[in-house]
Amino acid sequence: AQSVTQLDSQVPVFEEAPVELRCNYSSSVSVYLFWYVQYPNQGLQLLLKYLSGSTLVKGINGFEAEFNKSQTSFHLRKPSVHISDTAEYFCAVTSRDYGQNFVFGPGTRLSVLP
Amino acid sequence: SQTIHQWPATLVQPVGSPLSLECTVEGTSNPNLYWYRQAAGRGLQLLFYSVGIGQISSEVPQNLSASRPQDRQFILSSKKLLLSDSGFYLCASGQGSNSPLHFGNGTRLTVT
């Protein structure tokens, strides 16, 4: 079965510092990858997606992610974070071979400190 | 673009009472619809998904059920709530595996 690992449950970082949130998935088939952000008591909002093509994907709010097929990773990065980036971040994977099922990672809580 | 409406935003229900959460979608037709549950500080657990009217797939056996009476309406129900049903319930809509899911703002359910 497909699974998604987000090794860091919590990531504290100071404002204006760079950040990387890690995501690894288990699959040997062609996959589609997504990063979502969730602010308190709200639904999930799409940050970016990888479907095909360039392995470096740019999203909203200055975030980007790089797809690495050999390492089955899709790490999320931002060169300089703001207080407003404090939120929960979820990596998700799906595939044409898995029907309509989106598999989400357990999430990473990003806390941006002043 | 798609808009997912969920209501109510918060709900407090006693153990053993029934439940009905409704989700409606605007801005798309024939979507795939999903119910997820998020326990406090945890990830998302897929409960049900539907690829069309009357077509429901259950991912986790439990005392919850789902129905899709109309193309853009998805309902989550229970006849008798348990304490373990407390959580944050999210409805989502999608158009296939290569299309991102769009989420509603969720319903926070507390069973007392």
Side-chain angles (χ1 to χ4, degrees), chain A residues 1-10 21 23 25 27 29-53 57 59-60 65 67 74 87-111, chain B residues 1-11 21 23 25 30-52 55-60 66 68 74 87-110:
Chain A
Q2 181 69 271
S3 67
V4 177
T5 303
Q6 292 180 247
L7 289 173
D8 305 307
S9 60
Q10 297 186 55
L21 305 183
C23 171
Y25 63 92
S27 175
V29 301
S30 179
V31 296
Y32 307 117
L33 296 155
F34 307 86
W35 274 100
Y36 288 86
V37 61
Q38 184 181 32
Y39 299 102
N41 293 313
Q42 292 188 24
L44 277 69
Q45 179 184 359
L46 181 69
L47 276 177
L48 48 79
K49 61 187 178 185
Y50 171 80
L51 303 180
S52 65
V57 179
I60 63 171
F67 170 58
F74 191 54
E88 191 87 18
Y89 291 80
F90 292 94
C91 180
V93 62
T94 187
S95 166
R96 206 175 303 164
D97 296 333
Y98 297 118
Q100 310 306 321
N101 193 5
F102 284 71
V103 179
F104 285 83
T108 296
R109 173 73 180 170
L110 174 64
S111 297
Chain B
S1 62
Q2 295 186 43
T3 303
I4 317 299
H5 298 282
Q6 278 190 253
W7 64 93
T10 59
L11 189 61
L21 300 181
C23 168
V25 181
N30 195 30
N32 300 321
L33 297 176
Y34 303 77
W35 279 111
Y36 285 89
R37 178 169 61 198
Q38 190 176 21
R42 308 265 315 261
L44 281 76
Q45 178 188 32
L46 178 63
L47 301 176
F48 302 95
Y49 70 90
S50 170
V51 298
Q55 300 179 63
I56 309 294
S57 296
S58 174
E59 292 295 310
V60 182
R68 185 170 177 174
F74 204 25
F88 192 50
Y89 288 82
L90 290 160
C91 178
S93 170
Q95 290 288 352
S97 57
N98 62 346
S99 176
L101 295 181
H102 298 263
F103 285 83
N105 283 329
T107 294
R108 182 158 306 281
L109 171 67
T110 303

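What you see below is based on every heavy atom in this structure, not just the backbone, and it leaves out hydrogens, waters and symmetry mates. Throughout, protein chains are lettered first and strands after them, A, B, ... in sequence-line order, and every chain is numbered starting at 1.
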Problem - B:Arg68: partners by salt bridge (charged side-chain N to carboxylate O under 4.0 Å, His left out), with sequence neighbours left out - result: B:Asp71
Completion exercise
Heavy-atom closest pair (B:Ser97 atom, A:Ser95 atom, distance to 0.1 Å) is CB-O, 3.6 Å
Handout entry: Distance-minimising heavy-atom pair for B:Leu46 and A:Asn101
Key = CD2-OD1, 3.3 Å
Fill in the blank from the handout: Those residues at least two apart in sequence (or on a different chain) that pass ring-ring contact (aromatic ring centres under 6.0 Å, His included) with A:Tyr32 are none
Handout entry: Side chain, backbone, both or neither of A:Gln38 within contact of chain B (heavy atoms, under 4.5 Å)
Key = side chain
Exercise for the section: Spell out, as yes or no, whether a donor-acceptor pair under 3.5 Å connects the side chain of B:Tyr49 to the backbone of A:Phe102. Expected result: no
Exercise for the section: Could you go through the side chain to side chain contact (heavy atoms under 4.5 Å, CB included) check for B:Gln38 and A:Phe90 one step at a time? Expected result: CA-CA 12 Å; B:Gln38 190 176 21; A:Phe90 292 94; 3.3 Å; yes
Exercise for the section: Find the distance between CG (A:Leu46) and NE2 (B:His102) and round it off to the nearest 0.5 Å. Expected result: 7.5 Å
Handout entry: A:Leu44 CG to B:Leu44 CG distance, which is reported to the nearest 0.5 Å
Key = 5.5 Å
Problem - Engaged part of B:Thr10 at the chain A interface, taking heavy atoms whose separation is under 4.5 Å - result: neither
Problem - Minimum side-chain heavy-atom gap A:Phe104-B:Leu101 below 4.5 Å - result: yes
